[in-house]
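Order of the sequence lines fixes the chain letters, A, B, ..., with proteins taken first and strands second; residue numbering starts at 1 for each chain.
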2 protein chains.
Amino acid sequence: MSKGLKRLKKILHNEGLRFTSQREAVWNEIISSDDHREADEIYMAIRQKGISVSRATVYRTIDVLLKNNFVRKLDLGVGPSKFEHRIDSHHHDHIICIQCGRIDEFLVDQIEDLQDKVAKEYGFKLVRHIHQLFGLCENCQ
Amino acid sequence: MSKGLKRLKKILHNEGLRFTSQREAVWNEIISSDDHREADEIYMAIRQKGISVSRATVYRTIDVLLKNNFVRKLDLGVGPSKFEHRIDSHHHDHIICIQCGRIDEFLVDQIEDLQDKVAKEYGFKLVRHIHQLFGLCENCQ
DNA sequence: TCCTTATTGAGATTGAGTCTCAAAGAAGTT
DNA sequence: AACTTCTTTGAGACTCAATCTCAATAAGGA
């Protein structure tokens, strides 16, 4: 059993939640890819492997993973949300091609610092942020 | 008739679209406030004034205004989208209180520049961006 | 005024996501 | 292992924002 899975199991236990085969399957599916996938793709991939799970359970499990920072939700403003795991990955934001849907990740420390500065200026205690650049990638221009 | 309304009328004409009382009403309602409002609030406000309009027409008119940059859409990832007019307003991004829903506007030229740099680095031709800071405002901390 | 064609409105539809509730099953206890 | 408690699951109903349908209406050019 992987280190991450152990951690998930411990967290579930601490919160009085149960470690089920469905939750394990969703976990396994999500960490198996670095892509940004929608809930339904994850659901289908699990079914494809012959594991029985419902859409509702996939959504519910993703919620648990979200709350515990195992997963990050990407809302692109059109179509269903996408999800990416956060195992061994540092913070980053996204640059998205509006033509082909390609998603790249970027991180600029200077921008992060400036965000903190803005929050401070407005008296906000920052919790999270969304920073998405939309445009045409090289191939689509 | 305001300068903006004249411009709208001209654009409609150029695109073979018609200047209707409903479109005028939606326009008037949207420019009458600097708030960030959802489509249904705009719809209700127009009805309140005794002007007959349907939800579908409000959405459709907002689409026309969006395409012509009279209006900007704010997708906060939860609940319906919000809209703000762009008359006499320069570009800005938003800092949002996750408790009370307060929305402030900010602009940091340096961040804008860094975004352009990121796009260039990834070979993207930038079209638009979303930059939203979520946190707790002074009152809600 | 007439004519062509875009627009409107009421209500149906879509689609992502959530909820319901009876049945199943996890995990602690004896 | 059997029992008990309480969470989880799944199928499908439901929600809600937003879009679509299509017959009736109206804009605006001729």
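Between B/Arg7 and B/Lys10 there is no side-chain heavy-atom pair separated by less than 4.5 Å. With contacts defined as side-chain heavy-atom distances shorter than 4.5 Å, the pair A/Glu84/A/Ile103 does not qualify. A/Phe19 is listed as a side-chain neighbour of A/Glu24, based on a closest heavy-atom distance under 4.5 Å.
Rounded to an integer number of Å, the gap from A/Trp27 CH2 to D/dT8 P is 17 Å. When the C1' atom of D/dT9 is taken as reference, atom CD1 of A/Ile46 falls 14 Å away, rounded to whole Å. For the pair A/Phe19 CZ and D/dT7 C1', the computed distance is 15 Å after rounding to whole Å. In this structure, the CD1 atom of A/Ile62 is 13 Å from the P atom of D/dT9, given to the nearest Å. The separation between B/Lys9 atom NZ and D/dA27 atom P is 11 Å, rounded to whole Å. Atom CZ in A/Arg47 sits about 13 Å away from atom C1' in D/dT9, given to the nearest Å. Counting to the nearest Å, the P atom of C/dT8 and the CD atom of B/Glu24 are 12 Å from each other. Atom-to-atom, CG of B/Leu65 to P of C/dT7 comes out at 13 Å; the value is rounded to the nearest Å.
Between the side chain of B/Gln115 and the backbone N or O of B/Gln110, no donor-acceptor pair lies under 3.5 Å.
Distance check: A/Arg23 CZ to A/Leu5 CG gives 13.0 Å after rounding to the nearest 0.5 Å.
Here B/Arg37 pairs with B/Glu29 in a salt bridge; the nearest charged N to carboxylate O distance falls below 4.0 Å. Here A/Asp93 pairs with A/Arg72 in a salt bridge; the nearest charged N to carboxylate O distance falls below 4.0 Å. Using a 4.0 Å cut-off between a side-chain N of Lys or Arg and a carboxylate O of Asp or Glu, A/Asp75 and A/Lys73 do not qualify as a salt bridge.
Note on A/Ile87: it clusters hydrophobically with A/Ile46, by side-chain heavy-atom contacts below 4.5 Å among ILVMFWY residues.
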Contact state string [nucleotides 14-23 of chain C, B base, S sugar-phosphate only, - no protein heavy atom under 4.0 Å]: --SSBBB---

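Residue B/Ser21 is out of contact with every strand shown, counting any heavy-atom pair closer than 4.0 Å.
The shortest heavy-atom contact between B/Phe134 and B/Leu76 is CZ-O, 4.0 Å. Taking both residues in full, the closest heavy atoms of A/Leu136 and A/Gln99 are given as CD2-CB, 3.7 Å, listed atom of the first, atom of the second, then distance.
A sub-4.0 Å separation between OP1 or OP2 of C/dA10 and a side-chain N or O of B/Ser54 is absent. For the OP1/OP2 pair of C/dA27 and a distance below 4.0 Å, the side-chain nitrogens and oxygens of A/His13 include no atom meeting the criterion.
Taken over five-pair windows at either terminus, the axes of the helix from C/dT1-D/dA30 to C/dT30-D/dA1 are inclined to one another by 30° (rounded to 10 degrees).
Among the nucleotides D/dG10, C/dA26, D/dA27, the one closest to the side chain of A/Gln22 is D/dG10.
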Find every protein N or O atom lying less than 3.5 Å from an N or O atom of nucleotides 1-5 of chain D, and list the pairs.
none

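Mapping B/Arg23 and B/Tyr43 onto DNA chain C by nearest heavy atom places B/Arg23 closer to the 5' end of the strand. For the pair A/Val58 and B/Thr20, nearest-nucleotide mapping onto DNA chain D gives the more 5' position to A/Val58.
Note: A/His131 and B/His131 have parallel aromatic rings, judged against thresholds of 30 and 60 degrees for the angle between ring planes.
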